[in-house]
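The block underneath contains the structure these notes are about, expressed in structure tokens.
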Amino acid sequence: MPTRQNLTPSISCVIPAYNEARSLGALVPDILNALLALSEQIELIVVDDGSRDDTMAVMHSLCARYPQVSYLKLSRNFGKEPALTAGMDAAQGDVVILMDADGQHPVSLLPEMVAQWRAGFDVVYAVRSTREDQSGLQIKLTGWFYKLVNLGNRVKIPANAGDFRLMDRKVVVALKRLTERNRFMKGLYAWVGFNSIAIDYQPLPRTDGKSNFGLRGSLSLAFTGILAFSIAPLRALTLTGFLLSVLALGYGLWVVGEYFISGIAVPGYATIVVGMMFFSGIQLLSIGILAEYVGRIYEEVKQRPNYLVSQRLGTGLPLQLPDQPPV
């Protein structure tokens, strides 16, 4: 594994933000100070994912005060995954750091991340040591999700690893080549591979307010992740169909045997009704799961862009030559 002990990289930090106006005013200077202690060539890109509060006004003020700050305003709320994609597309640094805008990602970890990059790692990702800020139900659902999405999958997605990470330029180039519309970034990070190392961290309290990403958003993202990175639901349908066929055949043989041995006194009306309802439910569930996969295919073939930028402030780092795929 190559080392970069004597290199000082240019650094891009990408922060997706949605209604985080009251957090950005204090967060941006803290991150800038931490980045400037690591490199003289830095840029901080805040991607406004269609915020409805005063995020635009706050970012206009920050861009005027700090030349290293860039601001991308998306034309509407596209979601965190497209916002991260927009930030990575705009980033020009030798390394790219992804952080949240709620202040829960400690800037004290940035020196350690850069140190691991200098040691030769292409990806340094932070893993939550605890989930005390989440409910017991959400913790259990998260554990089940990672077990399901990794079931039979060659690409293993690290549990409890989020978007807080540092990536070498070649990793970002590889991610930019993945043009799918239904994006599950945690899966894409794992799919591209490269030399990676995990570091533990304890999430800090939110700078202000409550999370915009609750249980409903987590379930939606988990559903997208399962459909994007696992065919386990389809295999489960195949297994269910096989088992039901075996049970139906066995039951049929039992009925035939009962008829010839002891006869059948009264036709089983309740059995027929329950059986019809059960098999109808299985069929509708199967059609629904297949429809979800087909719907994802429909979204992909339309080839719509992942995001649209309505406004940009700040210049950031100088534009580099066009990215070349990693070899």
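Side chains are part of it too, since the values below use all heavy atoms of this structure and drop only hydrogens, waters and symmetry mates.
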Q. Below 6.0 angstrom between ring centroids: does that apply to Y201 and F164?
A. yes
Q.
Treating T85 as the side-chain partner and A83 as the backbone partner, does any N or O pair qualify as donor plus acceptor under 3.5 Å?
A. no
Q: Test D122 against every option in K170, Q116, R169 by the side-chain contact (heavy atoms from CB on, under 4.5 Å) rule and name the one that passes.
A: K170
**Q.** Non-hydrogen atoms of M59 and V69 that approach each other most closely
**A.** CE-CG1, 3.7 Å
Q: Taking atom CG of D54 as the centre, report whether more than 12 heavy atoms of other residues, nucleotides or ligands fall under 6.0 Å from it.
A: no
(Q) Please check: side-chain N/O of Q68 versus main-chain N/O of I42, any donor-acceptor pairing under 3.5 Å? (A) no
Q. Is D49 salt-bridged to K80, cutoff N-O under 4.0 Å?
A. no
(Q) Just to verify, which of V14, L313, V47 counts as forming a side-chain contact (heavy atoms from CB on, under 4.5 Å) with L72? (A) V47
Q: For the pair S12 (side chain) and Q92 (backbone), establish whether a donor and an acceptor sit closer than 3.5 Å, ignoring hydrogens and angles.
A: yes
Q. So L175 and M167, side chain to side chain contact (heavy atoms under 4.5 Å, CB included) or not? Walk me through it.
A. CA-CA 10 Å; L175 287 169; M167 297 178 292; 3.6 Å; yes
Q: Work out which heavy atom in L38 is nearest to a heavy atom in A34; give both atom names and the distance.
A: CG-O, 3.5 Å
(Q) Assess the residue pair S196 and F121 against the criterion (side chain to side chain contact (heavy atoms under 4.5 Å, CB included)); give the C-alpha distance rounded to whole Å, side-chain angles, the decisive distance to 0.1 Å, and a yes or no. (A) CA-CA 6 Å; S196 305; F121 290 99; 5.8 Å; no
**Q.** Derivation of the side chain to side chain contact (heavy atoms under 4.5 Å, CB included) call for V123 and N195
**A.** CA-CA 6 Å; V123 179; N195 296 324; over 6 Å; no
Q | Modelled atom types, side-chain donor and acceptor of N77 and Y18, under 3.5 Å | A | no
Q | Donor-acceptor contact below 3.5 Å, side chain H105 vs main chain D100 | A | yes
Q) Got a second to check how far Y71's OH is from L24's CG, nearest 0.5 Å? A) 9.5 Å
Q) Where is the tightest heavy-atom contact between E112 and I199, given as atom of each residue plus distance? A) OE2-CG2, 3.5 Å
Q. If every non-hydrogen atom of I31 is compared with every non-hydrogen atom of V107, which pair is closest and at what distance?
A. CG1-CG1, 3.7 Å
(Q) How close do A101 and A17 get, counting heavy atoms only, and between which atoms? (A) CB-CB, 3.9 Å
Q: Let me see the working for D168 and D94 under side chain to side chain contact (heavy atoms under 4.5 Å, CB included), right down to the final yes or no.
A: CA-CA 6 Å; D168 184 78; D94 297 325; 5.9 Å; no
